[in-house]
Novice: 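Before we start, here is the structure in question, set down as structure tokens.
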Amino acid sequence: MVMPMRQPVPPPPRRTLRTVVIVVGVIMALCSCVAAGGYFFIRGVEQATGPARQGAEEFVADLESGNVDAAYGRLCASTTSDFTREAFAQGLSGQSAIRSHEIIGVNVSNVNGRVSATVTANLTLDSGFVDRHTFALVQEDGQWKVCGQPF
């Protein structure tokens, strides 16, 4: 007896397009999650460091404009107890004036409930010299105040 020839069974159709669509969808979902997480991370950092940055920015702006009284008002209590307003003004008069500044770094820390910050700025002086100065700040009465050696 002769057996009829069997036709080979064709392979199942490939679902390449479906696989590509699924992979692209998963990648897009992951990218969206990473972007959203990055946005909220950066926003949280800005909310933590923004007020300290602004406190240092206002202090340096007062020094630039020659407003000694306003700058003195931005000092913390321990610094104002070390420097009278007159001693502060005299210390400033013995230095080159600040022509411009650029904040280049802000670090806020909370140690045992005591919040403090350091703000690093490049201060361009009248002499043309650029001084990198780090300001220590603390929170007093809800405001960031410059502490330590202010100039």
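Residues: numbered from 1 along the sequence shown.
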Novice: Could you walk me through whether D62 and R74 pass side-chain contact (heavy atoms from CB on, under 4.5 Å), step by step?
Specialist: CA-CA 9 Å; D62 289 338; R74 297 183 194 285; 2.5 Å; yes
Novice: Could you grab the distance from atom CD of Q95 to atom CG of D131, nearest 0.5 Å is fine?
Specialist: 8.5 Å
Novice: Measure from the side-chain N and O atoms of E140 to the backbone N and O of A77, and report whether any donor-acceptor pair falls under 3.5 Å.
Specialist: yes
Novice: In terms of hydrophobic clustering (I, L, V, M, F, W, Y; side-chain heavy atoms under 4.5 Å; direct or indirect links), are L63 and F129 co-clustered?
Specialist: yes
Novice: To check you understand the geometry: which heavy-atom pair defines the closest contact between T80 and Y72, and what is its length?
Specialist: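 Shortest heavy-atom contact: O-OH, 3.4 Å.
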Novice: Please name the pair of heavy atoms, one in V138 and one in C147, separated by the smallest distance, quoted to 0.1 Å.
Specialist: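 Scanning both residues completely, I find the closest heavy atoms to be CG2-SG, 3.7 Å.
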Novice: At what distance, to the nearest 0.5 angstrom, does CD1 of I104 lie from OG1 of T134?
Specialist: 7.5 Å
Novice: Ring-plane angle category for F135 and F59, please: parallel below 30°, perpendicular beyond 60°, tilted otherwise.
Specialist: perpendicular
Novice: In Å, rounded to the nearest 0.5 Å, how long is the span from OG of S116 to CH2 of W144?
Specialist: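 That separation rounds to 6.5 Å.
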Novice: Can you give me the closest heavy-atom contact between T84 and A87, atom names plus distance?
Specialist: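 Closest approach of T84 to A87, heavy atoms only: OG1-N, 3.0 Å.
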Novice: If we check side-chain contact (heavy atoms from CB on, under 4.5 Å) with V146, which of these qualifies: V119, T79, L75?
Specialist: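 Answer after filtering V119, T79, L75: L75.
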Novice: OG/S65 to CD1/I98 distance, rounded to the nearest 0.5 angstrom?
Specialist: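 Nearest 0.5 Å value for the OG-CD1 distance: 10.0 Å.
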Novice: For V68 and A89, work out which heavy atoms get closest and say how close.
Specialist: CG1-CB, 3.8 Å
Novice: Between the main-chain N or O of G73 and the side-chain N or O of K145, is there a donor-acceptor pair closer than 3.5 Å?
Specialist: yes
Novice: If only atom types and distance count, is the side chain of R99 paired as donor or acceptor with the main-chain N or O of T124 below 3.5 Å?
Specialist: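 It does not hold such a pair.
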Novice: Pair R114, N110 - check side-chain contact (heavy atoms from CB on, under 4.5 Å), show working.
Specialist: CA-CA 5 Å; R114 189 172 193 287; N110 184 340; 5.6 Å; no
Novice: Enter the distance from D141:CG to C76:SG here, rounded to the nearest 0.5 Å.
Specialist: 11.5 Å
Novice: Check whether any side-chain heavy atom of V60 sits under 4.5 Å from a side-chain heavy atom of L123, and report yes or no.
Specialist: yes
Novice: How far apart are the closest heavy atoms of A52 and V106, and which atoms are they?
Specialist: CB-CG1, 4.3 Å
Novice: side-chain contact (heavy atoms from CB on, under 4.5 Å) between V108 and V115: does it pass, once the steps are laid out?
Specialist: CA-CA 7 Å; V108 176; V115 181; 4.0 Å; yes
Novice: Do I103 and T120 make a side-chain contact, defined as non-hydrogen atoms from C-beta onward lying under 4.5 Å apart?
Specialist: no
Novice: Q54 and E58: side-chain donor and acceptor closer than 3.5 Å?
Specialist: yes
Novice: Measure the CD-CD distance between E57 and E102 for me, rounded to the nearest 0.5 Å.
Specialist: 10.0 Å
Novice: List the atom of G55, the atom of L137, and the distance in Å for their closest heavy-atom pair.
Specialist: C-CD2, 4.2 Å
